[in-house]
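Below is one structure, written out as structure tokens; the observations come after it.
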Amino acid sequence: MAGCRPTDALVLFTEGGCLSAANVKNDNGHGTEVRIKTPGDFRLSETLGYLWRSPTEILYRVNDGEIVRYIPLSRRKIWVKVSAGDSDALVVRLPADVRRVDIEEVKRFLREWFDLSRDLAPFYRLAESDEVLAPLLAQFYGLRLVRVPDLFEALCWAVMGQQINLEFAYTLKRQFVQAYGQGSMFEGQTHWMFPDPSRIARLQIPDLRRLQLTQRKSEYIIGIAQAMDSGQLSKAQLLTLEDGEARQQLRQIRGVGDWTANYVAMRCLGHMSAFPAGDVGLQNAVRQVRGMARKPTPAELLELGRQWGDWKAYATFYLWRSLRGTSP
DNA sequence: GTCCAGGATGGGC
DNA sequence: GCCCATCATGGA
């Protein structure tokens, strides 16, 4: 920290050192502004295209190239606005009274959310010469695997999405979040955060059945909440395990099969070799890209996945993205 | 009305 | 181990 001169109450650092005063604005009208350096091959526009896939999404809003959401930090919850900077940077706007520790936590959250710490060059080299991935690379270059940093959210979202169409899954999530999450008013609109496991752990099955969740899904979600609330299940603990062991442990949870374990591994734990080979969306995407008459079987997908090595999760994410076209 | 959707479980064999 | 009925709702 030597060499960083405190300007006022606020002192900001990035992994590259301290930020120049030009990168910090702390006017009361628009809050605090910080920048996050992004890799040269990152394009926020592609991420926005992914984030904007459902009008029913409840955990963030996308307007006019800007993402707005509340983020739960360890000390407090705060709103953030994320937009594209001039060059290789994200512009992040925060409340005026935000403190340095909060800013560092926000930056960690956003780097994880958009998977900014990963070197994608090997994936792009692989994709260039891959008959399935090459056309997707041309279409979605700059897209990163959008993560779900909150383990409870990732597990619930996966369970909710089991065997139903995606739009209905968004409806289930919205109803769940609005019933048991925390809402905050900001600029005339309510922003929602995902419920805490501690709250869901105390619910009864009928509480969730009222939200159109099935009996089974209600049982699964409350069970997951109780496991997390008791400390028996945690992201920190899963991250200490080898990839395969973590997925094995996830599968011990009632309601978590092979698909869900792999889904959570790739979206939450950041396992790049995770591969939900039984996924219907993945099957449809491969069928479409290869012009097949029928959907590939999970066995055929596993065979295909072999050539993607440790980049199966990225291949999957790009294939999912291809199901929804290029426009928001 | 039928079929499918970003599956998992518990039963039977 | 594999196969199958069941769950349970919405959209095409």
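Lettering of chains follows the sequences in order, A, B, ..., and the numbering in each one begins at 1.
Both Leu166(A) and Ile253(A) sit near DNA chain B, but only Leu166(A) has its closest nucleotide nearer the 5' end.
Between the side chains of Thr56(A) and Glu167(A), at least one donor N or O sits under 3.5 Å from an acceptor N or O. Side chain to side chain, Glu219(A) and Gln215(A) meet the donor-acceptor criterion of an N or O pair below 3.5 Å. No side-chain donor-acceptor contact under 3.5 Å links Gln232(A) and Gln237(A).
Checked against a 6.0 Å centroid threshold, the rings of Trp311(A) and Tyr124(A) do not count as neighbours. Here the two rings, on Phe176(A) and Phe194(A), have centers that are under 6.0 Å apart.
Using a cutoff of 4.0 Å between basic side-chain nitrogens and carboxylate oxygens, Arg76(A) and Glu105(A) are not scored as salt-bridged. Note on Lys173(A) versus Glu57(A): salt bridge recorded, some NZ/NE/NH1/NH2 to OD/OE distance being below 4.0 Å. For the pair Glu112(A) and Lys235(A), the salt-bridge criterion is met [side-chain N within less than 4.0 Å of a carboxylate O].
Both the sub-6.0 Å distance and the 45° axial angle are satisfied by Arg69(A) relative to the ring of Trp113(A).
Classified by interplanar angle (parallel below 30°, tilted 30° to 60°, perpendicular above 60°), the ring pair Trp157(A)/Tyr170(A) is tilted.
Between the CD1 atom of Ile221(A) and the C1' atom of dG7(B) there is a distance of 13 Å, rounded to whole Å. Rounded to whole angstrom, the span from the CG atom of Leu323(A) across to the C1' atom of dA5(B) amounts to 12 Å. Distance, Arg251(A) CZ to dG10(B) C1': 18 Å, rounded to whole Å. Taking atom CG of Asn262(A) as the reference point, atom C1' of dA8(B) lies 14 Å away to the nearest angstrom. Taking atom OH on Tyr220(A) and atom P on dG7(B), their separation rounds to 13 Å, with Å as the unit.
In this structure, Val256(A) reaches the sugar-phosphate backbone alone: every heavy-atom distance under 4.0 Å involves primed, P, OP1 or OP2 atoms, never a base.
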Trp192(A) vs Gln178(A), side chain to side chain contact (heavy atoms under 4.5 Å, CB included): CA-CA, chis, key distance, verdict:
CA-CA 7 Å; Trp192(A) 293 92; Gln178(A) 289 184 330; 3.8 Å; yes
Going 5' to 3' along nucleotides 4-11 of chain C, which nucleotides have protein heavy atoms under 4.0 Å from the base (write B), which only from the sugar-phosphate (write S), and which from neither (write -)?
----SSB-
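Counting only Watson-Crick and G-U wobble pairs whose two key distances fall under 3.5 Å, DNA chain C forms stems of three or more stacked pairs at B:2-5 with C:9-12, B:7-13 with C:1-7.
Within residues 276-295 of chain A, the residues approaching DNA chain B are Asp279(A), Val280(A), Gly281(A), Asn284(A), Lys295(A), by heavy-atom distance under 4.0 Å.
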